[in-house]
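See structure below.
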Amino acid sequence: MEERGPDAEHQGVDFVRELVRRDNSTGTYAGRVQTRFPPEPNGYLHIGHAKAITLDFELAREFGGTCNLRFDDTNPDTEETAFVDGILEDLAWLGYPIEGEPLYASDYFEQLYDWAELLIERGLAYVDDSDSETISAGRGGYGKPGVESEWRNRSVEENLDLFRRMRAGEFDEGSRVLRARIDMQHENMQMRDPVMYRIRHERHHRTGDSWHIYPTYDWAHGQSDAIEGVTHSLCTLEFDSHRPLYDWYLAQLPLPGDTPRQTEFARLELTHTVTSKRRLAGLVADGVVDGWDDPRMPTLRGLRRRGYPAAAIREFCAFIGVSRTNSRHQIELLESFVRQHLNRSALRRMAVLDPIRLVITDWPEGGRKVKSTMHWVSADHAIEGTTALYERLFSAEVPGEATGDPMDDLDRTSLDLRTGCRFEPALGDTPPGAVVQFERLGYFAHDPREPMLFHRTVGLRDEWARLQQRT
RNA sequence: UGGGGUGUGGUGUAAUUGGCAACACAGCAGAUUCUGGUUCUGUUAUUCGGGGUUCAAGUCCUCGCACCCCAACCA
């Protein structure tokens, strides 16, 4: 695996692996290691997910454990079966096929509901009739304690009755929520009576119309981990402040087994790239790109169509490691892994992108010392095709850094489509999806659907261009 | 404004846990080469700041500074 990076044995282990080792040596989970990858099926996987995926799956593999795929489908507003299928497909391509049926948070809705009633009975949860603005205002602010809701001290009986009627669909969306009864003065905002259930009369992609209330992320996540037997629940840094809540919920419940523990790490950011699902969806919706699999997209399906080898992505993820430092990796590093792979695997072929017809008259005079190279294909035998050259979708290293809006750095001319290219005949045999090197021009991926359309995966290292640039 | 987190070359990640700051990408110089590619060799450059402990500090203590996250019925 470690192509780069000198003897990996002598490199330090990251803090996550260190933690797992410590747990194993102290017998915390009796040596058991179980992780999970929990995507929400409301979009496709991107390069940022690849980091989490390799961490979750490889960590489990290294320690002889397992990693569950669990769809975090607690919000029926945006989730779709199409995304479930797409994610499964992308995962398999990346090298982590799921055997058997995937898991879903929605599988645990009934258990979650029972546990919610348990909290109500113990006076640890209550139905709040306030609207969202009131709840938000009551939460206070940074340095300002919150105030208790006027509905906070209802009787257990009333809470139970109301909660059951919420489930039955008797109330309007937004009219009531179930909240945990923790501490409105807590210094951590997440602990100021967080919402556990909201009312949604929306069709869920799996449970259909059987529910009118849906658990929030916080109420569902740790419990789902516990139900599945997850030991190490890895997530990104922004959930750091949720950890006390994660632990609090688990501490109140009669869990079937081990208590999972959440550990946070820094998400992957790349230069010239956005990975916000909302932004990516926007690019697709606005027609800025061809779709989720446009070769300029940082989605796994985009990278795949562009010709990035899955192994290159995996090795990149392994190489950059995990830490708790917010950082942005240069996309050139990813590209160097791509070149390293393609250099070994790609066939070399000749192509002329801007053909000029010329006649060679002194052909037999050959045999002299080569002074320069003629780049050519035979006009009589060449086949015709199209190449797509790409600039970075966002011209700035950090999209939006200057103005606050990443879209200001969008390069709308990032696609350079060349028709009428001339290819050497052997290229006619290129299988769909295969990547070849056009000598001196770069690596090009044959489109999976359109014959003789080639996407430039990445250029060659180009010393000439660098020398030019300097002057 | 309160809480939490993070600071190591241009970028990112390490440092046998107190013992010569290393690896990769990028850069620079050269060799090889029928791809201005590949391969090979050499090389530039780093511990946020001030104090302190110690024979010895990136690592420990202390006071600062900078940046990130948190007041969705998103995840």
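First the proteins, then the strands, lettered A, B, ... as listed; each starts at 1. Given the structure is predicted, the values throughout are model-derived calculations rather than measurements.
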Tell me what [X] touches on the nucleic acid: a base, only sugar-phosphate, or nothing, going by heavy atoms under 4.0 Å.
X: A:S323; result: sugar-phosphate
X: A:G321; result: nothing
X: A:V177; result: base
X: A:N188; result: nothing
X: A:Q330; result: base
X: A:V322; result: sugar-phosphate

Contact under 4.0 Å: [X] side-chain N or O vs [N] OP1/OP2:
X: A:R267; N: B:U6; result: no
X: A:R139; N: B:C73; result: yes
X: A:R324; N: B:U6; result: yes
X: A:S336; N: B:C25; result: no
X: A:R466; N: B:C28; result: yes
X: A:T325; N: B:C68; result: no
X: A:R328; N: B:G12; result: no

Check: With no angle test and no hydrogens, is the base of B:U35 tied to the side chain of A:R348 by a donor-acceptor pair under 3.5 Å?
Finding: yes
Next item on the list: Establish whether the base of B:U11 is bridged to the side chain of A:E332 by a donor-acceptor pair shorter than 3.5 Å.
Entry: no
Under 3.5 Å on both distances, the Watson-Crick or G-U partner of [N]:
N: B:U53; value: none
N: B:C65; value: B:G7
N: B:U38; value: none
N: B:G27; value: B:U43
N: B:A75; value: none

Check: Is there a donor-acceptor contact under 3.5 Å linking the side chains of A:N42 and A:R278?
Finding: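 A:N42 vs A:R278: no donor-acceptor pair found between side chains.
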Notebook entry, point to check: If we take the C1' atom in both B:G51 and B:C67, what is their distance in whole Å?
Noted result: 23 Å
Item checked: C1'-based separation of B:G2 from B:G19 [nearest Å] ->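 41 Å, rounded to whole Å.
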Margin query: One pair to check against side chain to side chain donor-acceptor pair (under 3.5 Å): A:Y126 and A:W151. What are the steps and the verdict?
Written below: CA-CA 8 Å; A:Y126 63 98; A:W151 310 103; over 6 Å; no
Margin query: If you take the centroid of each ring, where Trp contributes its six-membered ring, are A:Y96 and A:F37 closer together than 6.0 Å?
Written below: no
Next item on the list: Fit a plane to each ring of A:Y246 and A:H221, take the angle between them on a 0 to 90° scale, and name the class: parallel (under 30°), tilted (30 to 60°) or perpendicular (over 60°).
Entry: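 A:Y246 and A:H221: tilted rings.
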Note to self: Quick one: does any side-chain atom of A:H341 pair with a main-chain N or O of A:V338 as donor and acceptor, under 3.5 Å?
What the structure shows: no
